Amino acid sequence: MKEFLRKPSKVALTSLTATLVVFILLMGVLRLAGVESRFVHMFGKVTIAISLPFLILNPLFGFIYSFYIKGKRKILYILLHLACVCTISVFAFMAFMFRYFVPFAP
């Protein structure tokens with residue numbers, strides 16, 4: 001683990017990949033909202049509860065870590081993480097707010 005954290009390029013790439021995978025999983029779970037099954041609803045609640053904080057914090061971690069990359073890929077990683085922070089994290093934050101704090105949410 002120590003060697004992995006010393007390579008900022010690998011950490012930034014892993015963070016970006018994990019963010020995209022969890023976001024696609026969350027979109028798939030949200031498509032199952034019309035299914036009338038207790039298991040699907042419980043799976044959806046657990047997935048949302050775990051993935052939303054992850055989608056808020058993980059792109060920020062990768063964005064900060066991408067500043068330590070040396071070379072030409074630094075700008076690319078910074079822009080990709082900034083795009084994830086601006087889109088996926090904002091979507092996750094809005095979904096979290098509507099899910100837990102807004103009384104008129106579905």
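Numbering starts at 1 and runs along the sequence shown. Since this is a predicted model, take the numbers as computed values, not measurements.
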Quiz item: What do the steps show when you test Ser51 against Leu25 for side-chain contact (heavy atoms from CB on, under 4.5 Å), and what is the final call?
Solution: CA-CA 9 Å; Ser51 65; Leu25 177 71; 5.9 Å; no
Quiz prompt | side-chain contact (heavy atoms from CB on, under 4.5 Å) assessment of Ile50 paired with Val22 | solution = CA-CA 10 Å; Ile50 293 172; Val22 172; over 6 Å; no
Exercise. Take Ile78 and Ile69, measure what side-chain contact (heavy atoms from CB on, under 4.5 Å) needs, and give me the verdict at the end.
Key: CA-CA 9 Å; Ile78 288 173; Ile69 296 174; over 6 Å; no
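Using modelled atom types, one side-chain atom of Lys74 and one backbone atom of Phe67 make a donor-acceptor pair closer than 3.5 Å. Distance alone, capped at 3.5 Å, places no donor-acceptor pair between the His81 side chain and the Ile64 backbone.
Annotation for Met27: atom CE counts as buried by contact number, over 12 foreign heavy atoms lying within 6.0 Å.
The shortest non-hydrogen separation linking His41 to Glu36 is NE2-CA, 4.4 Å. For Cys84 against Pro59, the heavy-atom pair with the smallest separation is CB-CB, 4.2 Å.
Cluster membership for Leu52 and Leu20, using ILVMFWY side-chain heavy atoms within less than 4.5 angstrom, is shared. The cluster map of Ile, Leu, Val, Met, Phe, Trp and Tyr, joined by side-chain heavy atoms under 4.5 Å apart, puts Val46 and Ile56 in different clusters.
Considering only heavy atoms from C-beta on, Val11 stays 4.5 Å or farther from Tyr68 through its side chain. Counting heavy atoms from C-beta on, the side chains of Val90 and Val85 never come closer than 4.5 Å. Annotation: side chain of Ser15 is not in contact with side chain of Tyr65 (no heavy-atom distance under 4.5 Å).
Just one residue in the list Leu55, Leu57, Leu80 forms a side-chain contact (heavy atoms from CB on, under 4.5 Å) with Thr19, and that residue is Leu55.
Here Asn58 contributes atom CG and Phe63 contributes atom CZ; the two are 14.0 Å apart, rounded to the nearest 0.5 Å. Separating the CG atom in Leu79 from the SG atom in Cys86 is a distance of 10.5 Å, to the nearest 0.5 Å. In this structure, CZ in Phe61 is found 10.5 Å from CZ in Phe54, a value given to the nearest 0.5 Å.
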